[in-house]
Novice: 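Take a look at the following structure, please.
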Amino acid sequence: MNGFRCLPLVLVLLMLSVDAFAVKRDYGLVPQQVAPGTYVLLGFNEHFNFRNGGNIVNTGFIVTDAGVVVIDTGPSRLYGEQMREAIAKVTDQPVVKVFNTHLHPDHFLGNQAFEDLPEAALAGTIEGIRQNGEMFNESLYRLCGPWEAGTRVVVPGLVVTPGVEEVGGHRLRLIGYDGHTDADLAILDETTGVLFAGDLVFHGRAPTTPHADIGRWLASLDALAGLSFSVLVPGHGAVSTNDDPIRQTRDYLVWLRDGLKRGAEQGSDMAELLSPREPPASIRRLAVFAAEYQRSVAHLFPAFERAAIERGRVVQELD
Ligand SMILES: [Zn+2]
C-alpha cells in the first residue's frame, strides 16, 4: 500500500528529470559590433555557476574578405556551437581560423565546435592545454553542470608564431606575452585598431591569478599600454576605447603584490591576510573582488613567504 502511494511521486520525479534534460540551454549570445567587421560576445562579470553556464568570458570574431577569424571559443561545446550560429547570423563568410588567447577553460573549451578548422595558440598554451585540459574540463563540469555536457578538450593544432598575419585585408599582429599565464596571446588588428588583450586585461572585475606571475604580468601590461589601439577588448568586462582597463588591472596587481609582500615580511599568516586591510574603494568595488582576492592569497602567498624568508637569510649573512 505504501509503495503504491509513493508511485505518483516517483512518476512526477521521473517526468521532472526528463523535462530537465529536454531544456534547451541558450547562452543568448548576441554579437556586439565594436569596429568594422569586428564583434565581441560579452560574458557576465561573475564566477562560473549553474545559471551562467560559464559565460563569464569575452570572445570575439573578425569578418574579413577571406573568412571569419575567431578569438577564443568560450567555456563549453554548447557555447562554441552557439557562437558559430551567432556568427552565421552576422555574415555568410565561413569561419576559417580560431585563436585561443591562453589555456584557461572559459577561453578554449568551445574549440570542439570548430575542430574542422585550424585552431592556433602560442606553444606554451598548447602544452598547457595538453597537460591540464582534462582537469579544467572536469572542474567546469562541477561548476556549471549540464551546460558542459558533451564537452571534450580539443587541443589547438597550430603553433602561433608572433608577428603579422594578413587575413582577407586585415593585418593581425600576434603578440606573445606572459604573466597572467606562461603564454598570453594578444591580437592587435592594425587595420581596425582593435586590440584583443585576452586575460592580460580585466575590466570592472578582479583579475584571476591561478597561474600568474605578477612581475611578468605588469611588464606585459606596460607593453600593451604602449601599443597603438582605438578599441580594447579585455578578456573579462566591458570593451573600452581607452587604456583605463589596463591601468585598473595594473593597480589591482600592484596592490595585491604589495599587500602580500608586506604581509610576508611582517610574518603574517595566510589566515590574517584573507581579510584585506582597507582595500581602496576602486579595488573593493570590482566584481567578485572578495572571492577572487582570497583565491589569490591562497595561490600566491606561499611564494611571497618563501621570498621573504630567503631575503631574511641574505640579510643575516650580510650582517
Ligand atoms: Zn585566464
Side-chain angles (χ1 to χ4, degrees), residues 40-49 52-60 70-76 79-80 98-111 119-133 135-140 143-144 148 151 153 155-156 160 175-187 195-214 216-221 224 232-239 245-246 248-250 252-253 256 286-289 291-296 298-300:
V40 174
L41 303 168
L42 285 168
F44 297 101
N45 260 356
E46 300 174 348
H47 272 305
F48 299 112
N49 61 42
N52 62 38
N55 182 16
I56 64 163
V57 60
N58 294 338
T59 62
V70 165
I71 298 162
D72 284 338
T73 58
S76 64
Y79 183 104
V98 170
F99 288 101
N100 294 138
T101 56
H102 64 294
L103 57 70
H104 286 153
D106 44 335
H107 297 261
F108 80 83
L109 278 177
N111 282 7
E119 296 183 305
L122 291 168
T125 301
I126 292 174
E127 192 46 37
I129 292 176
R130 190 172 284 134
Q131 282 182 19
N132 298 308
M135 184 190 69
F136 290 145
N137 193 16
E138 281 168 26
S139 76
L140 274 213
L143 293 166
C144 304
E148 297 289 334
T151 300
V153 172
V155 181
V160 165
I175 315 171
Y177 292 115
D178 61 1
H180 174 65
T181 68
D182 284 343
D184 297 297
L185 176 66
I187 300 178
L195 172 60
F196 289 90
D199 278 8
L200 289 167
V201 179
F202 284 69
H203 191 194
R205 182 202 196 280
T208 61
T209 61
H211 303 97
D213 178 311
I214 293 182
R216 300 211 312 253
W217 194 341
L218 290 170
S220 295
L221 287 173
L224 276 178
L232 172 60
V233 182
H236 299 262
V239 173
I246 296 178
Q248 196 181 73
T249 307
R250 169 171 249 295
Y252 181 87
L253 293 175
L256 178 66
L286 295 175
V288 297
F289 161 68
E292 218 51 87
Y293 168 76
Q294 292 186 352
R295 288 201 324 149
S296 292
H299 296 137
L300 302 173

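Read the numbers this way: they start at 1 and go in the same order the structure lists the ligands and their atoms. Counting begins at 1 with the first residue of the sequence.
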Novice: Give me the atom names and distance for the closest heavy-atom approach of N58 to G237.
Specialist: ND2-O, 2.7 Å
Novice: Around atom CZ of F44, are there more than 12 heavy atoms of other residues, nucleotides or ligands at under 6.0 Å?
Specialist: no
Novice: For residues N55 and N52, is any side-chain donor paired with an opposing acceptor at under 3.5 Å?
Specialist: no
Novice: Answer yes if the side chains of H236 and D199 hold a donor-acceptor pair under 3.5 Å, and no otherwise.
Specialist: yes
Novice: At a cut-off of 2.8 Å, what protein N/O/S atoms sit near the Zn ion (ligand 1)?
Specialist: H102 NE2, H104 ND1, H180 NE2, D199 OD2
Novice: Whether the side chain of N100 engages the backbone of H107 through a donor-acceptor N/O pair (distance < 3.5 Å, no angle test) should be reported.
Specialist: yes
Novice: Could you tell me if the ring centre of H180 sits under 6.0 Å from that of F202?
Specialist: yes
